[in-house]
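Take a look at the structure below.
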Amino acid sequence: MNQYPYGNPEREMYHHHRPDEDCGNQWSDNDCSCQQPDGPCCRTRCCCRGATGATGPRGPRGPMGPTGATGATGVTGPFGPQGNPGATGPTGVTGATGATGATGATGETGATGATGPAGETGATGATGATGATGPAGETGATGATGPAGETGATGETGATGATGATGPTGETGATGATGAAGETGATGATGATGAAGETGATGATGATGPAGETGATGATGATGATGATGATGATGASACPSRGEMTENGSMEVFSGGIPAGWTINDASLIEQTSIPGDVHSGESSALLYNGAILSQDISLEGGCYYELSFYARGNGAQVQLIATVTFLDEENNETEGLTILIRAQDMPTGNRDFAYYRGITFMAPTDATIARISFAATTVGNQTVNLDDVSFSMD
């Protein structure tokens, strides 16, 4: 907006307001020879004047003139570059709520929403009144044949007699009574009788219907008399004949080099022969086993048979355990466990002359077995020992 709508005041101080048509070309700002400063057409500072004097004191501010009419709006200039965002100013005081505007026109109806889940089934309504009875229907089809009657109970089977020579065939028992016929199914309701038609010509004879179901079998006739018992056949030879006692020196009577003859030991220092009264079950001596001793013997046998192992033992102290085993071996030394007898610590008698008897029967030896290895392993605490005597191994 122009700060001096009527021109610069320094330029106006040298002219008198005269109409433009009275001054002609004497309005030129560059013509300084046309008039004296108080001439009728002088409008500029350069019209013949003397040197500029010192600026006088500012006069009092005159009253503001009336506001001029608003000029026409100028053409909108181009947008300048966007400045950096200023700091957010403090939130202003909330203005008074404006008056509610008029209600807008109703918008178009929105799309139908998805169907909600079905509501719970309502209570069953009261039963309606019974309708009038309809006309009688046509005659129903003949009911199905009732089920066959239950089969009569079978007579008890007679005891089987000993097998002898075949006796003569007994007479055939009488045929049992036929079971009762099943109940007839209910007949359908009879339809209303139609008017009698004229008698038609006799039709051709229909095909024979299928045969009825076979009746239940009658009860079994009485068993015929048992024939005489035949003569007893000769006794066959046993596949596992007894061989008697199979151990060598099971009585522990013979020792050689401190070891029972016919037996092996994992460490010769862990076994002794003892003849102390009370340490022998029978005979003159028994074997005395220390902790860690394993006493064993291999015995040849027949495969496919059962065998029995037995022995007597006692403990010299409460912390004594003994495990007796039978292991079968084939020609390639493949092992099969045959029997294990475990006697835990404190389960073995320890009193003087108080031996216990132990016995077990093996599983069937494999058919290719050739050796049975019987072993006794002792586990004791300190100097406690086990007395072993009267070992026996035989075919069961």
Side-chain angles (χ1 to χ4, degrees), residues 235-274 281-283 285-315 320-345 347-348 355-380 385-396:
T235 302
S238 172
C240 297
S242 175
R243 291 171 50 186
E245 179 59 53
M246 299 173 67
T247 58
E248 179 183 352
N249 191 29
S251 62
M252 304 297 170
E253 296 296 304
V254 180
F255 276 68
S256 176
I259 301 173
W263 295 81
T264 59
I265 185 76
N266 62 325
D267 186 340
S269 67
L270 300 179
I271 190 171
E272 291 181 6
Q273 182 179 16
T274 178
H281 177 258
S282 69
S285 66
S286 68
L288 188 65
L289 304 179
Y290 288 88
N291 180 48
I294 301 177
L295 183 67
S296 60
Q297 182 178 131
D298 287 356
I299 303 171
S300 62
L301 53 69
E302 299 292 335
C305 299
Y306 296 89
Y307 295 87
E308 175 185 299
L309 172 67
S310 66
F311 57 92
Y312 288 85
R314 65 177 289 274
V320 175
Q321 174 178 288
L322 183 65
I323 300 177
T325 59
V326 176
T327 304
F328 299 118
L329 295 89
D330 60 17
E331 292 182 351
E332 297 180 355
N333 287 329
N334 295 314
E335 299 182 354
T336 302
E337 181 181 345
L339 173 67
T340 298
I341 300 176
L342 167 65
I343 310 166
R344 304 178 305 175
D347 288 346
M348 185 182 299
F355 279 80
Y357 175 65
Y358 301 97
R359 172 180 177 272
I361 298 175
T362 68
F363 296 113
M364 178 185 289
T367 57
D368 58 351
T370 58
I371 296 292
R373 176 172 296 158
I374 58 176
S375 298
F376 297 90
T379 303
T380 68
T385 56
V386 178
N387 286 118
L388 178 65
D389 202 3
D390 292 333
V391 178
S392 176
F393 187 74
S394 61
M395 188 175 294
D396 182 56

Check: Thr247 and Ile299: which non-hydrogen atoms are nearest, and at how many Å?
Finding: CG2-CD1, 3.8 Å
Item checked: Gln321 and Leu342: CA distance, side-chain angles, deciding distance, side-chain contact (heavy atoms from CB on, under 4.5 Å) verdict -> CA-CA 8 Å; Gln321 174 178 288; Leu342 167 65; 4.0 Å; yes
Next item on the list: State whether the side chain of Asp390 and the backbone N or O of Tyr312 hold a donor-acceptor pair below 3.5 Å, judged by distance alone.
Entry: no
Item checked: Backbone N/O of Phe393 and side chain of Glu245: donor-acceptor pair under 3.5 Å -> yes
Item checked: Glu331 (side chain) donor-acceptor with Thr370 (main chain) under 3.5 angstrom -> no
Item checked: Shortest non-hydrogen separation from Ile271 to Gly258 and the atoms involved -> CG2-O, 3.7 Å
Notebook entry, point to check: Hey, does the side chain of Trp263 reach the backbone of Asn249 with a donor-acceptor pair shorter than 3.5 angstrom?
Noted result: yes
Item checked: Test item: Thr379 and Asn291 side chains (from C-beta on) under 4.5 Å apart, heavy atoms -> yes
Checklist line | Test item: Glu272 and Tyr290 side chains (from C-beta on) under 4.5 Å apart, heavy atoms | finding: yes
Note to self: Nearest 0.5 angstrom please: Ile323 CD1 to Ser375 OG, how far?
What the structure shows: 11.0 Å
Checklist line | Qualifying residue, where the test is side chain to side chain donor-acceptor pair (under 3.5 Å) with Gln273 and the options are Ser286, Ser256, Ser285 | finding: Ser285
Margin query: Please find the pair of heavy atoms, one from Ala372 and one from Val326, that lie closest to each other, and give the distance.
Written below: CB-CG1, 4.4 Å
Check: Quick one: does Met246's side chain get under 4.5 Å of Ile374's, heavy atoms only?
Finding: no
Next item on the list: Compare all side-chain heavy atoms of Leu289 with those of Ile294 and state whether any distance is below 4.5 angstrom.
Entry: no
Next item on the list: Check Met395 against Pro241 and note the closest heavy-atom contact, atom names and distance.
Entry: SD-O, 3.0 Å
Notebook entry, point to check: CZ of Arg359 to OG of Ser392: how many Å apart, nearest 0.5 Å?
Noted result: 10.0 Å
Note to self: Using side-chain contact (heavy atoms from CB on, under 4.5 Å), reason through Thr325 and Glu337 one step at a time and then give a plain yes or no.
What the structure shows: CA-CA 8 Å; Thr325 59; Glu337 181 181 345; over 6 Å; no
Margin query: For Cys240, is there any backbone N or O sitting under 3.5 Å from a side-chain donor or acceptor partner on Glu302?
Written below: no
Next item on the list: Output the distance between atom CG (Leu329) and atom OG1 (Thr336), rounded to the nearest 0.5 Å.
Entry: 8.0 Å
Item checked: Heavy-atom check, side chain of Leu288 versus side chain of Asn387, under 4.5 Å -> yes
Checklist line | Thr380 and Thr385, any side-chain heavy atoms less than 4.5 Å apart | finding: no
Margin query: If you count every heavy atom of other residues, nucleotides or ligands that lies below 6.0 Å from Arg344 atom CZ, does the total exceed 12?
Written below: no
Check: Are Met348 and Val386 side-chain neighbours, meaning at least one heavy-atom pair lies under 4.5 Å?
Finding: yes
Next item on the list: Over all heavy atoms of both residues, which pair between Cys305 and Ala239 is shortest? Give the atoms and the distance, please.
Entry: SG-O, 4.2 Å
Check: Which pair of non-hydrogen atoms, one from Arg243 and one from Leu301, has the smallest distance, and what is that distance?
Finding: NH1-CA, 3.4 Å
Notebook entry, point to check: In this structure, which one of Tyr357, Phe311, Phe355, Tyr358 forms a ring-ring contact (aromatic ring centres under 6.0 Å, His included) with His281?
Noted result: Phe355
Check: Distance-only, no hydrogens or angles: does the Asp368 side chain make a donor-acceptor pair with backbone N or O of Gly303 under 3.5 Å?
Finding: no
Check: What orientation do Phe328 and Tyr307 show, parallel under 30°, tilted 30 to 60°, or perpendicular over 60°?
Finding: tilted
Note to self: Using only atom types and a distance under 3.5 Å, with no angle test, would you say the side chain of Asp396 pairs donor to acceptor with the backbone of Tyr306?
What the structure shows: no
Next item on the list: Identify which one of Thr362, Ile361, Val391 satisfies the side-chain contact (heavy atoms from CB on, under 4.5 Å) criterion when paired with Leu309.
Entry: Val391
